[in-house]
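Presented below is the structure to which this report refers.
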Amino acid sequence: MPAVIPVPSRTEAREGWFDLARAVRLVVPDAAAPEAERAREALARVGAQRVEVVTHDDGAPGAIVLTLGDATLQPPAGVTRPDGVRPSAPPAEEYSLSVDPDRVVAEASTPEGLLRALATLEQLASVRDGGAGLEAVHVTDAPRYSWRGLMVDISRHFFGVPVLKDVVDLLALYKLNVLHLHLSDDQGWRLDIGSRPELAKRSGDTEVGGGAGGFLTADDYVTLVTYAAERGVVVVPEIDLPGHTNAALHAVPELNPSGEATAVYTGTEVGFSALDLELPATEPFLRDVLGEVAALTPGDYLHIGGDEVKTMTPEAYAAFVEKAAEIVVEAGKRPVVWQEGGKAQLPDGAVVQLWESNSSPEAVLEAAARGARVVLSPGKHVYLDMKYHADYSLGLAWAGLVDVRESYDWDPDAYTPGLDPAAIDGVEAALWTETVTTREELFTMLLPRLAAVAEVAWSAQDARALDDVARRLADHAALWQERDWAFHPSDQVPWPSLTR
Ligand code: TNX
């Protein structure tokens, strides 16, 4: 069977091969739509050199047809929910892809579904007798969870639009659909806010270790969000509040009880900074920042942090999170909070993100019991800033060592004792960047683990197994090398000798 990651719901091998060296007619419903452009790019990457884009299918051989049809596809195999439906009703991503020697047909009920079909098509391509082609196969597929994400911390070390676009490409290839951007922390403020230019001006050029930092202009951010949307990836921006705020306290003196700016912070401690809702400057600051981030963001969600505050009373903390969540709702978005924020009274539609795998999930359970949705980011499984092994040069180890086995071998529905699986929207990996400074290091932390996590989030629990995904990961090394995506040669994967 072809090495598709995440493993599809159903894959039936057929006889033969669709030759990509022939003249190919790419039949699309709308030649100007992003999926048509993505299809052209994917075909170019897999070696199709003669591609004509048309909108009418004349039935002749050599066609690759993308169709937006009614959702008459097979329900996903092995989905635990009896009705197969998740309450938040995100865009349907199910698709079918039939590769036969004469033609290829991708069908979905939404553009997102067609993009997922294209990711599968790209992975099916291989080279035989010196020529490129697609193994004949019929695939029907649908995701287990609607939220399949990666958080990237661009505050501890800054990464700009070119690297983040590459990350979006990686997400799209593995059918991940959320890019959560951690835009502010103690060490740096990474999004220029028009009404508060001092934030990026004073706190945009600092980072862990004293490096140059950097920040996204509003234009950069919109460019990235648009690029992601065209690939079926939603950007969820995070302004971390009320803690992890030294960059704001450094840039805006009035946010401090003393009225004096704090010093730049380039270390890696956590928990020492917090905003104070009692100060007159605080709520206007929240309204300006959250309002502007919401206005720049087409997606439904705005993350307000809420993690690791060690200097506030529980009451002051809850009041702060409730105020920030209220402002997010007024700005037309659904608030997302880290685990601890589940202690606050959150508005309808809020999402709580579990991360602390070594402590009680009480705050998550309480929030879920009041109707919040849950995204799972358990550190010991999906914190991709953890070291692969004890001697690994990059990364931290507080949540454990995380190699392919740890990131892959768990069941999200069964992970949290007492949590109704119906409350779970999905799974999100996290890449904190205290120790990650370059594009190469960033990709090395992501691969191969992120591809494994993508399968946890997309594929049915009973359709996947560690030894099997390890073999498929090995097959993908060539793809990563073509794209210049560095990876860690984990000894849990049977790499072909050429990649060693
Ligand atoms: C905990 S996880 C944090 C981050 C650190 C990370 C390092 C979470 C919500 N907060 O501030 O960067 O650990 O692994």
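For this chain, numbers begin at 1 and follow the sequence in order. Remember, it's a predicted structure, so these values are computed and weren't measured experimentally. Just follow the structure's listing: the first ligand is 1, and inside any ligand the first atom is 1.
Trp480 is listed as a side-chain neighbour of Leu473, based on a closest heavy-atom distance under 4.5 Å.
Where the criterion is an N or O separation shorter than 3.5 Å, residue side chain and backbone included, Asp185 fails it with respect to ligand 1.
Between Trp432 and His182, the ring planes lie perpendicular to each other; the angle is over 60°, past the 30° to 60° tilted range. His381 and Trp410 have parallel rings, their planes meeting at less than 30° on a 0 to 90° scale where 60° marks the start of perpendicular.
Under a 4.0 Å heavy-atom criterion, Gln339 is not in contact with ligand 1. Proximity of Arg156 to ligand 1 is established by a heavy-atom distance of less than 4.0 Å.
Of the protein's non-hydrogen atoms, the one nearest atom 7 (C) of ligand 1 is Asp385 OD2, 3.3 Å. Looking only at heavy atoms of the protein, atom 9 (C) of ligand 1 is closest to Asp307 OD2, 3.1 Å. With respect to atom 1 (C) of ligand 1, the closest heavy atom belonging to the protein is Glu308 OE2, 3.3 Å. The single protein non-hydrogen atom nearest to atom 2 (S) of ligand 1 is Tyr383 OH, 2.5 Å, given as residue, atom name and distance. If you check which protein heavy atom lies closest to atom 12 (O) of ligand 1, you get Glu434 OE2, 2.6 Å.
The atoms of ligand 1 that sit less than 4.0 Å from any heavy atom of Leu396 are 7 (C), 14 (O). Less than 4.0 angstrom separates some heavy atom of Met386 from each of these atoms of ligand 1: 14 (O).
Listed by first and then second residue, the side chain to side chain donor-acceptor pair (under 3.5 Å) pairs that reach into residues 204-221 are Thr217-Asp220, Tyr221-Thr297, sequence neighbours excluded.
Between the CD atom in Gln339 and the CD atom in Glu356 there is a gap of 6.5 Å [rounded to 0.5 Å].
Taking Asp307 as the reference, His244 meet the side chain to side chain donor-acceptor pair (under 3.5 Å) condition, with sequence neighbours excluded.
Salt bridge annotation for Glu455-Arg472: present, with a cationic side-chain nitrogen under 4.0 angstrom from a carboxylate oxygen.
The residue Glu356 has no part lying near ligand 1, judged by heavy-atom distances below 4.0 Å.
Using modelled atom types and a 3.5 Å distance limit, the side chains of Trp338 and Glu308 yield no donor-acceptor pair.
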